[in-house]
Amino acid sequence: ENKEYDICLISQYRYNRFYKEVSELKVITDLLLEYLQRYCMENNRRFCIASNSKANVFPKEKQYYDARIDASDVDIVPNDRSNYSTYRTIDKSELSICINSTAGIEALGRKRKILFCNFSINPFFDIQGKYRDGIWSLRDSAVTYESFSNRISCLLEMEKAVWNNQVREFVEYFIFC
């Protein structure tokens, strides 16, 4: 199955979250974006961003990402709930990455490869419950670029059937509980 993007970053940007309420989310996102860009440059991969903001705030979100993205070929896909743009963008990607987005959990339930990244010690940003650790998760303030890079490569190369087998219990726990 040929995908338009190798990786989709599911954005959790909201101006108030990043700059007022939960600034740690911005810190994690900044590091995630740094690692993702480096990975894509070193491995000749392409990524996109599934935007989170409503249309009237999208310019602020785009400005945030534009200030941090070096590559010119990164698509920042505006969030359009009327046509399920987040899901469509995830479906166009081999792998999606998020912090703890519900869109990530939903993607998992739709048999999409997903990696949840919490580069902090704050459990608020973890997947909750007994499945917070697994092939689908990187969490710790000490996550290095090398561990991120190795996990991304592993997931991109993993056969779909192997992925589905490894996440089966996790999916059943979250989707059917």
Side-chain angles (χ1 to χ4, degrees), residues 1-14 17 25-26 28-53 58 61-62 64-65 68-69 71 73-81 83-119 125-128 131-139 143 145 147-168 170-175:
E1 184 177 2
N2 204 2
K3 301 283 188 176
E4 188 173 338
Y5 306 104
D6 297 298
I7 302 167
C8 171
L9 174 62
I10 301 170
S11 176
Q12 290 180 241
Y13 176 92
R14 290 275 168 81
R17 276 191 214 158
L25 184 61
K26 179 186 172 298
I28 297 168
T29 302
D30 286 348
L31 184 58
L32 180 54
L33 202 52
E34 178 187 321
Y35 284 179
L36 181 55
Q37 282 192 96
R38 180 176 169 191
Y39 180 85
C40 288
M41 287 193 308
E42 290 179 0
N43 295 279
N44 196 28
R45 298 288 191 162
R46 183 157 186 244
F47 80 97
C48 66
I49 299 170
S51 164
N52 186 37
S53 299
F58 176 71
E61 182 174 9
K62 185 169 179 352
Y64 165 81
Y65 285 113
R68 289 159 179 79
I69 295 174
D73 67 338
V74 176
D75 291 340
I76 303 172
V77 181
N79 185 356
D80 180 356
R81 292 177 185 195
N83 81 6
Y84 304 99
S85 63
T86 298
Y87 304 111
R88 292 160 82 86
T89 307
I90 289 168
D91 291 349
K92 292 178 184 178
S93 307
E94 184 64 35
L95 168 68
S96 294
I97 299 174
C98 67
I99 297 169
N100 62 352
S101 170
T102 54
I105 299 275
E106 292 163 351
L108 186 70
R110 294 172 45 249
K111 299 191 176 195
R112 302 293 180 236
K113 291 182 190 174
I114 183 84
L115 179 62
F116 298 92
C117 295
N118 174 10
F119 300 155
F125 299 107
D126 286 336
I127 293 301
Q128 301 303 307
Y131 291 100
R132 68 176 173 239
D133 292 309
I135 191 75
W136 52 81
S137 172
L138 276 177
R139 62 182 196 93
V143 170
Y145 170 73
S147 60
F148 175 82
S149 175
N150 290 339
R151 183 66 59 86
I152 296 295
S153 292
C154 171
L155 292 175
L156 286 172
E157 294 164 13
M158 185 178 286
E159 294 290 327
K160 193 80 170 169
V162 173
W163 166 261
N164 288 335
N165 188 49
Q166 290 204 18
V167 301
R168 185 179 43 79
F170 179 37
V171 171
E172 288 172 3
Y173 174 79
F174 267 102
I175 306 301

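Enclosure of atom NZ in Lys26 by more than 12 non-hydrogen atoms of other residues, nucleotides or ligands within 6.0 angstrom is indicated. Heavy atoms from other residues, nucleotides or ligands lying under 6.0 Å from OH of Tyr145 number more than 12. The number of heavy-atom neighbours closer than 6.0 Å to CG of Asp73, taken from other residues, nucleotides and ligands shown, is above 12.
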Ser11 and Tyr65: CA distance, side-chain angles, deciding distance, side-chain hydrogen bond (donor to acceptor under 3.5 Å, both in side chains) verdict: CA-CA 10 Å; Ser11 176; Tyr65 285 113; 2.8 Å; yes
Would Tyr13 and Ser53 count as a side chain to side chain contact (heavy atoms under 4.5 Å, CB included) if you check the C-alpha gap in whole Å, the side-chain angles of each, and the deciding distance to 0.1 Å? CA-CA 7 Å; Tyr13 176 92; Ser53 299; 3.5 Å; yes
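No donor-acceptor pair closer than 3.5 Å links the side chain of Asp75 to the backbone N or O of Cys48. A donor-acceptor contact shorter than 3.5 Å is absent between the side chain of Gln12 and the backbone of Cys98. Side chain of Ser137 to main chain of Arg132: a donor-acceptor pair is present (N/O by atom type, distance under 3.5 Å, no hydrogens or angles). Within the 3.5 Å criterion, the main-chain N or O of Leu155 finds a donor-acceptor partner in the side chain of Lys113.
Contact annotation: the side chain of Phe116 never approaches that of Asp126 to less than 4.5 Å [non-hydrogen atoms, C-beta and beyond]. By the 4.5 Å heavy-atom criterion applied to side chains, Arg45 and Glu94 are not counted as neighbours. In this structure the side chain of Arg14 never reaches within 4.5 angstrom of the side chain of Leu25, judged on heavy atoms. The closest side-chain heavy-atom distance from Phe58 to Asp80 is not below 4.5 Å. For the pair Cys8/Lys92, no side-chain contact is recorded, criterion being any heavy-atom separation below 4.5 Å from C-beta on. Tyr64 has its side chain within reach of Asp30: a pair of non-hydrogen atoms, C-beta onward, lies under 4.5 Å apart. Within the 4.5 Å cutoff, no side-chain heavy atoms of Asp6 are placed close to those of Ile152. Between Leu108 and Trp163 the shortest side-chain heavy-atom distance falls below 4.5 Å.
Under the 30°/60° scheme for interplanar angles, the aromatic rings of Tyr35 and Phe119 are found to be tilted. Between Phe170 and Trp136, the ring planes lie parallel to each other; the angle is under 30°, not in the 30° to 60° tilted range.
A pairwise comparison of heavy atoms in Arg112 and Asp91 identifies NE-OD1, 2.7 Å as the closest pair. For the pair Asn79 and Ser85, the tightest heavy-atom approach, listed with the atom from each and the gap, is CA-OG, 3.4 Å. When all heavy atoms are compared, the tightest approach of Ile90 to Ser96 is CG2-OG, 3.5 Å. Across every non-hydrogen atom of Val77 and Thr89, the tightest pair is CG1-OG1, 3.5 Å. Between Met158 and Ile135, the closest heavy-atom pair is CE-CG1, 4.0 Å. The nearest pair of heavy atoms linking Arg151 to Gly134 is NH1-O, 3.3 Å.
With rounding to the nearest 0.5 Å, the separation of CG in Asn118 from CD1 in Ile127 is 9.5 Å. Between the CG atom of Asn83 and the CZ atom of Arg88 there is a distance of 5.0 Å, given to the nearest 0.5 Å. Rounding to the nearest 0.5 Å gives a distance of 9.0 Å between CD1 of Ile97 and CD1 of Ile10. Taking CG of Leu95 as the start and CG of Leu115 as the end, the distance is 6.5 Å to the nearest 0.5 Å. Residue Thr29 holds its OG1 atom at 8.5 Å from CZ of Phe125, rounded to the nearest 0.5 Å. Atom CD1 in Ile49 sits 10.5 Å away from atom OH in Tyr5 (nearest 0.5 Å).
Side-chain N/O atoms of Tyr87 and Glu106 include a donor and acceptor closer than 3.5 Å. Side chain to side chain, Ser153 and Tyr39 meet the donor-acceptor criterion of an N or O pair below 3.5 Å.
Lys111 meets the salt bridge (Lys or Arg N to Asp or Glu O under 4.0 Å) test with no other residue; sequence neighbours excluded. Glu159 pairs by the salt bridge (Lys or Arg N to Asp or Glu O under 4.0 Å) definition with nothing, not counting sequence neighbours.
Among the candidates Leu32, Ile69, Val74, Leu9, the single residue satisfying the side chain to side chain contact (heavy atoms under 4.5 Å, CB included) test with Gln37 is Ile69.
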